[in-house]
Amino acid sequence: MEELLRSFSGIWWLKGPEMWALTTWRIGGKALALVEARSEEELTTVLDHCDRLEIPWRVLGRGSNILVSDRGFRGIVVRLGGRLAECSLLSGGQVEAGGGVILGHLVQFAMEHGLGGCEFLAGIPGTVGGAVVLNAGCFGKEVGELVERVLVRERNGKMRWWGRDELSFSYRGSNLREGFMVVVKVVFQLFPEERKQAEEKVRYFSLLRKNSQPLELPSAGSVFRNPPGEYAARLIEQAGCKGLRLGQAQVSPKHSNFIVNLGGARAWQVEYLMEWVRREVYRRTGIWLENEVELWR
């Protein structure tokens with residue numbers, strides 16, 4: 001670790017960050033270090049050194065969709081900042097966004113330049129990189145529909161632009177999830193739209209989210225993927241698990257596919273609830289729910 005951190009000359013890092021402070025669930029122990037890569041060159045330096053020294057690493061966006069162990073993550077957490085957290089306008093209605101761009105900022109940037117198509121992303125607490133890897137979506141729309149090309153740090157350590165024909169998007173997934181690949185930049189294809197109309201769409205999607213999701217409490221969003229032709233929330237409710245509680249972790253009474261932190265919840269409590277819900281749903285329906293959240297240990 002000391003050799004690794006000494007190699008990060010000019011790169012911002014913090015030793016032993018508390019992961020509960022960096023995740024939307026507000027749960028988790030310490031990581032070995034938090035490093036901010038502000039350019040492609042810094043990202044290459046950080047990940048190459050981690051790989052050489054065989055130190056585990058993960059890229060962190062807004063900390064949504066992950067559950068960090070109470071014992072923390074025994075590796076390096078990399079956050080994309082600087083030029084990798086900025087948007088720029090290209091020609092033909094295209095926007096280039098760094099993997100570290102907050103989704104709400106992408107929506108705002110598009111509206112300021114008279115472009116639309118990404119309004120449904122407003123309110124999702126994530127970044128461009130994670131959203132593209134997981135093909136984030138809601139209300140019948142998915143981010144993969146907007147992606148034109150992606151700059152990827154591949155498993156071999158090389159960076160390369162992937163064209164639309166190389167990308168494969170599926171429900172809450174993509175071929176970018178295979179191995180330790182990193183989305184560095186994304187080019188989105190948007191379309192001209194008046195700002196007033198775009199703002200109305202943002203308000204509409206925000207209202208839908210507010211009315212259906214427990215936004216007032218820390219969570220990681222949907223815990224389980226929807227099975228084909230079904231909704232995980234409906235299956236969980238039918239299994240009698242809505243409102244189920246262990247310590248300060250609770251299956252939300254408002255949306256049963258959310259587990260909320262009532263204040264001081266532990267990762268083991270959330271994991272226990274997840275397994276309890278999964279087994280109850282399977283016992284009653286024969287459907288085995290798959291995680292949408294990622295577990296970090």
Side-chain angles (χ1 to χ4, degrees), residues 18-28 60-70 102-105 107 119-127 130-131 134-143 171-172 201-227 230-281 284-285 287 289-296:
E18 296 280 0
M19 292 302 296
W20 67 264
L22 300 172
T23 62
T24 58
W25 234 331
R26 311 299 287 177
I27 293 173
L60 178 76
R62 294 290 300 281
S64 59
N65 227 51
I66 63 173
L67 176 63
V68 182
S69 164
D70 296 314
I102 296 170
L103 294 176
H105 291 175
V107 175
E119 294 89 348
F120 67 96
L121 296 172
I124 297 179
T127 55
L134 297 174
N135 193 21
C138 56
F139 312 125
K141 298 179 180 293
E142 296 178 331
V143 71
Y171 171 67
R172 297 301 177 268
K201 289 182 180 180
V202 168
R203 283 193 294 269
Y204 170 73
F205 287 124
S206 297
L207 184 61
L208 286 180
R209 189 169 283 109
K210 180 180 179 181
N211 289 339
S212 63
Q213 299 176 1
L215 303 181
E216 67 279 2
L217 291 169
S219 77
S222 295
V223 174
F224 301 107
R225 298 182 183 186
N226 289 325
E230 259 295 358
Y231 291 100
R234 181 164 58 193
L235 295 174
I236 294 168
E237 186 169 354
Q238 289 175 349
C241 295
K242 192 172 189 177
L244 190 66
R245 177 174 173 177
L246 177 61
Q248 293 299 96
Q250 183 182 37
V251 177
S252 171
K254 189 172 186 178
H255 191 308
S256 53
N257 199 18
F258 280 59
I259 293 179
V260 294
N261 180 357
L262 301 175
R266 306 295 299 275
W268 73 265
Q269 295 171 337
V270 172
E271 284 197 69
Y272 193 98
L273 276 183
M274 288 172 63
E275 286 307 306
W276 185 278
V277 167
R278 197 194 322 268
R279 292 179 184 277
E280 282 298 299
V281 169
R284 292 169 182 258
T285 68
I287 297 174
L289 295 178
E290 296 182 3
N291 288 357
E292 187 165 324
V293 298
E294 183 179 336
L295 307 181
W296 287 19

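The structure displayed is predicted, hence computed values, not measured ones. For the single chain, residues carry numbers from 1 onward in sequence order.
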Participant: State, with a plain yes or no, whether a side-chain heavy atom of Val293 is found less than 4.5 Å away from one of Met274.
Facilitator: yes
Participant: Output the distance between atom CD (Gln238) and atom OG (Ser256), rounded to the nearest 0.5 Å.
Facilitator: 9.5 Å
Participant: Applying salt bridge (Lys or Arg N to Asp or Glu O under 4.0 Å), name anything that partners Glu275, two or more places apart in sequence or on another chain.
Facilitator: Arg278
Participant: Tell me, do Arg209 and Ile124 make a side-chain contact under 4.5 Å, heavy atoms counted?
Facilitator: yes
Participant: What is the ring orientation for Phe120 with Phe205, classed by angle as parallel under 30°, tilted 30 to 60°, or perpendicular over 60°?
Facilitator: perpendicular
Participant: Would you indicate whether the side-chain heavy atoms of Ser222 and Phe258 approach each other to under 4.5 Å?
Facilitator: yes
Participant: Rounded to the nearest 0.5 Å, what separation is found between the CD atom of Glu271 and the CG atom of Leu246?
Facilitator: 12.0 Å
Participant: Counting neighbours of CD on Glu230 that are heavy atoms of other residues, nucleotides or ligands and sit closer than 6.0 Å, is the number greater than 12?
Facilitator: yes
Participant: Would you give the length of the straight line joining atom CD of Glu18 to atom OG1 of Thr23, rounded to the nearest 0.5 angstrom?
Facilitator: 11.0 Å
Participant: Evaluate the side-chain proximity of Val277 to Phe224: yes if any heavy-atom separation is below 4.5 Å, no if none is.
Facilitator: yes
Participant: Counting C-beta onward and ignoring hydrogens, is there a side-chain heavy-atom pair between Ser219 and Thr24 closer than 4.5 Å?
Facilitator: no
Participant: Considering only heavy atoms from C-beta outward, does the side chain of Ile236 approach that of Leu289 to under 4.5 Å?
Facilitator: yes
Participant: Within this structure, what is the CD-CZ distance for the pair Glu292 and Arg172, rounded to the nearest 0.5 Å?
Facilitator: 5.5 Å
Participant: Check Val107 against Ala122 and note the closest heavy-atom contact, atom names and distance.
Facilitator: CG2-N, 3.8 Å
Participant: Looking at every non-hydrogen atom in both residues, tell me the closest pair between Gly126 and Ser64 and how far apart they are.
Facilitator: CA-OG, 3.9 Å
Participant: Counting N and O atoms only, with roles assigned by atom type, does the side chain of Glu294 sit under 3.5 Å from a partner on the main chain of Ile66, one being a donor and the other an acceptor?
Facilitator: no
Participant: Report the distance from atom OG of Ser252 to atom CD of Gln213, rounding to the nearest 0.5 Å.
Facilitator: 9.5 Å
Participant: Quick one: closest heavy-atom pair of Leu208 and Ser212, and the distance?
Facilitator: O-OG, 2.8 Å
Participant: Give a yes or no answer on whether the side chain of Asn135 reaches the backbone of Glu142 with a donor-acceptor pair at less than 3.5 Å.
Facilitator: no
Participant: With sequence neighbours left out, what residues match Ala239 under side chain to side chain contact (heavy atoms under 4.5 Å, CB included)?
Facilitator: Cys241, Glu280, Val281, Arg284
Participant: Please answer whether the main-chain N or O of Asn226 pairs with a side-chain N or O of Tyr171 as donor and acceptor at a distance below 3.5 Å.
Facilitator: yes
Participant: Do the non-hydrogen side-chain atoms of Leu67 and Trp296 ever get within less than 4.5 Å of each other?
Facilitator: no
Participant: Grab the two heavy atoms, one from Trp25 and one from Ile259, that are nearest each other, plus how far apart they are.
Facilitator: NE1-O, 2.8 Å
Participant: In terms of ring plane angle, is the pair Tyr272 and Trp276 parallel, tilted or perpendicular, where the classes change at 30° and 60°?
Facilitator: parallel
Participant: Keeping Glu237 on the side-chain end and Lys242 on the backbone end, is there a donor-acceptor pair under 3.5 Å?
Facilitator: no
Participant: Give a yes or no on whether the backbone of Val251 and the side-chain of Arg245 come within a donor-acceptor separation of less than 3.5 Å.
Facilitator: no
Participant: Looking at every heavy atom in both Ala265 and Ile27, which two are closest together, and how far apart are they?
Facilitator: O-CG1, 3.5 Å
Participant: Does NZ belonging to Lys141 count more than 12 external heavy atoms closer than 6.0 Å?
Facilitator: no
Participant: Supply the atom-to-atom distance Asn257 CG to Leu235 CG, rounded to the nearest 0.5 angstrom.
Facilitator: 9.5 Å
Participant: Residues two or more places apart in sequence or in another chain: which of them pass side-chain hydrogen bond (donor to acceptor under 3.5 Å, both in side chains) with Gln269?
Facilitator: none
Participant: Return the minimal non-hydrogen interatomic distance between Gly61 and Thr127, and the atom names on each side.
Facilitator: CA-OG1, 3.5 Å
